[in-house]
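Step one of this worksheet: look at the structure below.
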Amino acid sequence: DSGVTQTPKHLITATGQRVTLRCSPRSGDLSVYWYQQSLDQGLQFLIQYYNGEERAKGNILERFSAQQFPDLHSELNLSSLELGDSALYFCASSVTSGGTLETQYFGPGTRLLVL
Amino acid sequence: DAKTTQPPSMDCAEGRAANLPCNHSTISGNEYVYWYRQIHSQGPQYIIHGLKNNETNEMASLIITEDRKSSTLILPHATLRDTAVYYCIVLSNTGKLIFGQGTTLQVKP
């Protein structure tokens, strides 16, 4: 158990809908990272928040957005869902803002299925 | 971001050492080598990391060559539960983990 929690574990929805994925980092960690894992793309970095502020952006679609709240939990919002958004979404957390020596610990993931 | 090259798959007999190689020839001086593994579709699990010295923890050992262009992850006594995809990642200043395809390790009885 990494200490990172994610809800829900599974989510089934329809195309065009909007969903929110939630992540609670390990106690004391200030950074939250979001990753997407699809069958054809592998694990891809989406976005990082550090202490409530966006820190780094990866291959995140404009239909996706995220935020980190004062209690440091984070939400990933996915809108206008398409079939291709079906994937595993992982959240990770680390102590500080990231860098070359900053171990990230991953949550169990949310499996999203868009029908 | 430095890229890594790993064999797509490896087999190992249960109880034997599993040696997983990784090439990272474009690594920069201050970039760390990290290893994660992913069992089935679970969240990636941190294993070990290192800069230039060999490292050991309760899970594995990491051997980094002197020129830092390659490394080997060693699981000293592989068990069936070690069957997973193992990712070698060079962590740059951006802090982003860039996952490649990894090595699928199959531990066989």
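- For a residue to count as touching a neighbouring chain, one of its non-hydrogen atoms must lie under 4.5 Å from one of that chain's; by this rule B:Gln38 touches chain A with the side chain only.
- At a 4.5 Å heavy-atom cutoff, A:Gln44 makes no contact with chain B through either its backbone or its side chain.
- At most 12 heavy atoms of other shown residues, nucleotides or ligands fall within 6.0 angstrom of atom CG in A:Leu39.
- Of all the heavy atoms in B:Gly43 and A:Phe90, the pair that sits closest is CA-CE2, 3.3 Å.
- Hydrophobic cluster membership is shared by B:Val33 and B:Leu105, with clusters built from Ile, Leu, Val, Met, Phe, Trp and Tyr side chains linked at under 4.5 angstrom.
- Under the 4.5 Å side-chain criterion, counting only non-hydrogen atoms from C-beta, A:Phe106 is not in contact with B:Tyr46.
- Under a hydrophobic clustering in which Ile, Leu, Val, Met, Phe, Trp and Tyr are joined whenever their side-chain heavy atoms come within less than 4.5 Å, directly or via other members, A:Leu30 and A:Val95 fall into different clusters.
- Within 6.0 Å of atom CD in A:Glu54, more than 12 heavy atoms from other residues, nucleotides or ligands are found, so the atom counts as buried in its surroundings.
- Other residues, nucleotides and ligands contribute at most 12 non-hydrogen atoms within 6.0 Å of the CZ atom of B:Arg16.
- The cluster map of Ile, Leu, Val, Met, Phe, Trp and Tyr, joined by side-chain heavy atoms under 4.5 Å apart, puts A:Leu11 and A:Leu78 in the same cluster.
- Only the backbone of A:Lys57 comes within less than 4.5 Å of a heavy atom in chain B; its side chain stays farther off.
- The shortest distance between side-chain heavy atoms of B:Tyr34 and A:Thr103 falls below 4.5 Å.
- Side-chain atoms of B:Tyr32 never come within 3.5 Å of backbone atoms of A:Glu102 as a donor-acceptor pair (strictly under, hydrogens ignored).
- At a 4.5 Å heavy-atom cutoff, the contact between A:Leu43 and chain B is made by backbone and side-chain atoms alike.
- The CG atom of B:Leu91 sits 7.0 Å away from the CD atom of A:Gln104 when rounded to the nearest 0.5 Å.
- Within the 4.5 Å cutoff, side-chain heavy atoms of A:Tyr35 are placed close to those of B:Phe99.
- In terms of hydrophobic clustering, with Ile, Leu, Val, Met, Phe, Trp and Tyr side chains grouped at heavy-atom distances under 4.5 Å, B:Ile63 and B:Tyr86 are assigned to different clusters.
- A continuous path of ILVMFWY side-chain contacts below 4.5 Å connects B:Tyr87 to A:Tyr33, so both sit in one hydrophobic cluster.
- Using a 4.5 Å cut-off on side-chain heavy atoms (C-beta onward), B:Gln45 and A:Ser2 make no contact.
- Here CD1 of B:Ile98 is found 8.0 Å from CZ of A:Phe45. Values are rounded to the nearest 0.5 Å.
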